[in-house]
Every structure is written in structure tokens, then in C-alpha cells.
Amino acid sequence: VAALAGADLSDADLSDADLSDADLSDADLSDADLSDADLSNADLSNADLSGANLSDANLSGADLVGANLSGADLVGANLSGAELYEADLVGADLIGADLIYANLSGADLSNAYLYEADLRDVDLSGTDLRGANLTQVKYLSINELSEAKTLYEAKLDSELKKQVKDKYPHLLKKPEY
């Protein structure tokens, strides 16, 4: 098990690396290439992954609490069961990502791109989805969406948008914070 807590791995090429169960808490992985890497069950809490390439990476069960993933490429990434509580995912690209059972409570997904992501049984309580693209997402229910902090200027499929307008119109209004 790799112990890399607090390590400076910015711009590192870690594509295809096996970092499962690794301790990367507080590590600087900004702009690193972690495409196709195995980070399952890794501790990435409070890590800086801004601008990192995590496309097709396995982050299932990973601890990403408080992590900075702003602008990260998470296309096709497996984040099933990942802990993303209060994570920064501003502008992150999550096209086709697997977020089944992920905990996104309190996370900031403003302007994130979630097209065709699988959001089955995801926890969106207190999640900021302002300006996020949620078109064609899979298994997203109105009940899960109702827990979000805001959907202001979010892109939703017409049927889902209609349901939100009918049941939770406050989510579409400009937030006061």
C-alpha cells in the first residue's frame, strides 16, 4: 500500500498506475495524468486533483472528502460508492461517469458536465448544481434532485425540468448566497 500523504505529484504521469488503497490524502495531484489508474478505495481526502486527467480511472469506494477536482477530466470514471462530501467539482467533466451510490452531499458541481452519467442512488443533499449540465443523465429521480441546494441555470431534460418546476420551483431560482 502506497503511503503518499501530502506528496507533490503535480503534473506526474500516473496513467495505468495501481494506487488502490493508497494514502494520497492532502497530496498535490493537480494536472496529473491518472487516466485508467486504479484508485479504488484510495484515501484522496483533501487532495488537489484540479485539472487532473482521471478519464476511465477506477475511483470506486475512494475517499474524496473535501478534495479539489475543479476542472478535472472524469470522463468514463468509476466513482461508484465514492465519498465526495464537500468536494469541489466546479467545471469537472463527468461525461458517462459511474456515480452509483456516490455521496455528493455538500459538493460543488456548479458548471460540471454530467451528460450520460449514471446517478443511481446518489446522495445530492446540499449539492450545488448551478449551471451543471444534467442532460441525458441515467437514473436521476426527482426525489434525489429535490435534495440539491440549487439547480439555478442547470440544464435538465424537459420532463425532469417540468417536474422540478411543478414540485420544487425554488431550486430553479437564483440563490441568495
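Just so you know, these numbers come straight off a predicted model, no measurement behind them. Values below: all heavy atoms of this structure, side chains included; hydrogens, waters and symmetry mates excluded. All residue numbers refer to positions in the sequence shown, counting from 1.
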Give a yes or no on whether the backbone of V75 and the side-chain of D73 come within a donor-acceptor separation of less than 3.5 Å.
yes
With rounding to the nearest 0.5 angstrom, report the CD to CG distance, E83 to D43.
11.5 Å
Is there a path of hydrophobic side-chain contacts, each under 4.5 Å between heavy atoms of I/L/V/M/F/W/Y residues, joining V90 to L124?
no
Decide whether V122 and I142 are clustered together by the hydrophobic rule: side chain heavy atoms of Ile, Leu, Val, Met, Phe, Trp, Tyr closer than 4.5 Å, transitively.
yes
Is V164 close to L172 at the side-chain level, that is, under 4.5 Å between some pair of heavy atoms?
yes
Answer yes or no: is there a side-chain heavy-atom contact under 4.5 Å between D157 and Q136?
yes
Should L160 and L171 be counted in the same cluster of Ile, Leu, Val, Met, Phe, Trp and Tyr side chains packed under 4.5 Å apart?
yes
Please walk me through it: do N53 and S55 pass side-chain hydrogen bond (donor to acceptor under 3.5 Å, both in side chains)?
CA-CA 6 Å; N53 179 357; S55 59; 2.8 Å; yes
Please output the side-chain donor-acceptor pairs of residues 93-101 that fall under 3.5 Å, not counting sequence neighbours, one pair per line with the distance.
{"residue": "D93", "atom": "OD1", "partner": "I95", "partner atom": "N", "Å": "3.3"}
{"residue": "D98", "atom": "OD1", "partner": "I100", "partner atom": "N", "Å": "3.0"}
{"residue": "Y101", "atom": "OH", "partner": "D121", "partner atom": "OD2", "Å": "3.4"}

For A107 and L89, the nearest pair of non-hydrogen atoms, with its separation, is CB-CD1, 4.5 Å
Of L79, L64, L109, which is the lone residue that meets side-chain contact (heavy atoms from CB on, under 4.5 Å) with L69?
L64
Anything under 30° is parallel, anything over 60° is perpendicular, the rest tilted; go ahead and classify H170 against Y168.
perpendicular
Between S25 and D23, do the side chains contain a donor N or O and an acceptor N or O under 3.5 Å apart?
yes
Go through K149 and T127 one step at a time and tell me if the side chain to side chain contact (heavy atoms under 4.5 Å, CB included) criterion holds.
CA-CA 5 Å; K149 187 176 185 180; T127 303; 5.8 Å; no
The reported gap from CG in L24 to CG in L39 (rounded to nearest 0.5 angstrom) is 7.0 Å
Pick from D128, L151, T150: which one makes a side-chain contact (heavy atoms from CB on, under 4.5 Å) with P175?
T150
CD on E153 to NZ on K174, rounded to 0.5 Å:
8.0 Å
Does S141 offer a backbone N or O that forms a donor-acceptor pair with the side chain of E144 under 3.5 Å?
yes
CG of L104 to CG of L119, rounded to nearest 0.5 Å, is 7.5 Å
Separation of L145 CG from L129 CG (nearest 0.5 Å)
7.0 Å
Partners meeting side-chain contact (heavy atoms from CB on, under 4.5 Å) with D11 (sequence neighbours left out):
D31
Could you tell me the separation between the CG atom of N133 and the OH atom of Y113, rounded to the nearest 0.5 Å?
4.5 Å
